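All values below were derived from every heavy atom in this structure, side-chain atoms included, with hydrogens, water molecules and symmetry-related copies excluded. Quick caveat: nothing in here was measured; it's all calculated off a predicted structure.
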Amino acid sequence: MLNNIYVALIHYPVLGRNGKIVSSAVTNLDVHDIARTCRTYNIKGYYVVSNLPAQREIVGNVLEYWLKDFGKEYNPSRSEALTVVKTAMYIENVIEEIEDVEGKTPNLIYTSAKNGPDRISYSGMSKIIKESDKPHLILFGTSWGLPKEVLVLCDYVLEPIRGRASFNHLSVRAAVAITLDRIIGEDI
């Protein structure tokens, strides 16, 4: 079913430049643009996950402005897009919230720009989601991506997005949009 898909943008735990687990900074562009993509593809919830209270507060301030303050009147479309955004401290909190809403534990889908074993194609993932009554949570990493500690929690690992060039360094905003389009397409 395509009506119980969730997205999480992970700021902790993620890999830093040196391969160690770090917390990354939230950006306004990611909050806004990924929300617009999620709303366009009818994603049930978009979680910005950070263990740092100050980072979650930044997201809260953005939401306050666009959902309640002048921004709501100034740009109603942006306000509507941001209605899908929530914050969480950890991935486990997102899973618990989805369990509360859906009554079922979500399947976790790991994304990475790196090749590796046991990757599932976008068409294969789309088929699984369409035939399942379970919710699905697609995890996107910031910084240098999601660590192996997250991988071991996941039920599926998507194949990386590849273009025709040897260069492969998409923004996470672009990766979310491409991933949702390849999985959902026009089947909303």
Side-chain angles (χ1 to χ4, degrees), residues 5-38 41 43 45-60 62 84-99 105-122 124-125 128-129 135-183:
I5 300 172
Y6 296 81
V7 165
L9 182 64
I10 310 301
H11 291 276
Y12 178 83
V14 290
L15 296 173
R17 179 184 305 254
N18 61 4
K20 295 186 191 285
I21 292 178
V22 299
S23 296
S24 63
V26 169
T27 69
N28 273 336
L29 282 175
D30 288 345
V31 174
H32 288 271
D33 288 354
I34 293 172
R36 291 165 62 184
T37 299
C38 286
Y41 285 94
I43 298 305
Y46 160 40
Y47 292 86
V48 180
V49 179
S50 175
N51 64 328
L52 302 174
Q55 295 296 301
R56 292 192 311 279
E57 184 178 342
I58 290 169
V59 177
V62 168
V84 300
V85 180
K86 300 174 184 188
T87 61
M89 189 177 302
Y90 300 109
I91 296 168
E92 293 82 0
N93 301 123
V94 177
I95 295 167
E96 289 171 7
E97 191 168 317
I98 294 170
E99 286 172 342
T105 302
N107 284 325
L108 301 181
I109 303 167
Y110 183 93
T111 63
S112 175
K114 298 175 183 133
N115 284 316
D118 303 321
R119 301 301 202 246
I120 188 167
S121 69
Y122 291 92
M125 192 73 252
I128 288 168
I129 291 173
H136 291 79
L137 174 60
I138 307 172
L139 306 174
F140 293 91
T142 56
S143 196
W144 270 261
L146 297 168
K148 290 179 181 161
E149 289 82 354
V150 173
L151 175 61
V152 299
L153 302 174
C154 293
D155 301 287
Y156 302 100
V157 183
L158 275 174
E159 65 187 356
I161 297 168
R162 293 283 179 223
R164 297 191 185 273
S166 60
F167 183 83
N168 187 32
H169 193 71
L170 288 172
S171 70
V172 72
R173 296 178 300 284
V176 171
I178 292 167
T179 298
L180 294 180
D181 190 69
R182 287 182 179 178
I183 290 174

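Rounded to the nearest 0.5 Å, atoms NZ (K86) and CG (N93) are 13.0 Å apart. Rounding to the nearest 0.5 Å gives a distance of 5.0 Å between CD1 of I5 and CD1 of I43. Distance check, rounded to the nearest 0.5 Å: CE of M125 to OG1 of T179 gives 11.5 Å. Atom CG of L108 is separated from atom CG of L153 by 6.5 Å, given to the nearest 0.5 angstrom.
Residues C154 and Y110 approach most closely at SG-CB, 3.6 Å, considering heavy atoms. In this structure, V84 and A35 approach most closely via the heavy-atom pair CG2-O, 4.1 Å. Nearest heavy atoms, V152 versus E149: CG2-O, 3.3 Å. Considering all non-hydrogen atoms of both residues, R182 and R162 come closest at NH2-O, 4.2 Å.
Looking at Y47, its side chain never comes within 3.5 Å of a backbone N or O of I91 through a donor-acceptor pair. At distances below 3.5 Å, at least one donor-acceptor pair connects side-chain atoms of T111 with backbone N or O atoms of L139.
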_Does T37 form a side-chain contact (heavy atoms from CB on, under 4.5 Å) with D33? I'd like the steps, not just the answer._
CA-CA 6 Å; T37 299; D33 288 354; 5.6 Å; no

*Given the rule in the side-chain contact (heavy atoms from CB on, under 4.5 Å) test, do H136 and I183 qualify, once you have shown the distances and angles that lead to the verdict?*
CA-CA 12 Å; H136 291 79; I183 290 174; over 6 Å; no

*Begin from the C-alpha positions of I109 and I129 and carry the test side-chain contact (heavy atoms from CB on, under 4.5 Å) through to its verdict.*
CA-CA 11 Å; I109 303 167; I129 291 173; 4.1 Å; yes

*asked:* Does Q55 form a side-chain contact (heavy atoms from CB on, under 4.5 Å) with T87? I'd like the steps, not just the answer.
replied: CA-CA 10 Å; Q55 295 296 301; T87 61; over 6 Å; no

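Other residues, nucleotides and ligands place more than 12 heavy atoms under 6.0 Å from the CG atom of N18.
L158 has its side chain within reach of I120: a pair of non-hydrogen atoms, C-beta onward, lies under 4.5 Å apart. Side-chain atoms of L146 and S112, non-hydrogen and from C-beta on, never get closer than 4.5 Å to each other. I138 places a side-chain heavy atom less than 4.5 Å from the side chain of L180. Side-chain contact check for I34 versus Y46: some heavy-atom pair is nearer than 4.5 Å. You'll find the side chain of P160 stays beyond 4.5 Å of the side chain of K114, heavy atoms only.
Ring geometry, Y90 versus Y12: the interplanar angle exceeds 60°, so the pair is classed perpendicular (tilted spans 30 to 60°).
When each of V49, I21, V22 is paired with V14, the side-chain contact (heavy atoms from CB on, under 4.5 Å) condition holds for V22 and for no other.
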Can you give me every donor-acceptor pair (side chain of residues 23-31, partner residue at least two apart or in another chain, under 3.5 Å) with its distance?
residue : atom : partner : partner atom : Å
S23     : OG   : N51     : OD1          : 2.7
S23     : OG   : N51     : ND2          : 3.4
S24     : OG   : H11     : ND1          : 3.0
S24     : OG   : T142    : OG1          : 2.5
T27     : OG1  : D30     : N            : 3.2
T27     : OG1  : D30     : OD2          : 3.0
D30     : OD1  : R173    : NH1          : 2.7

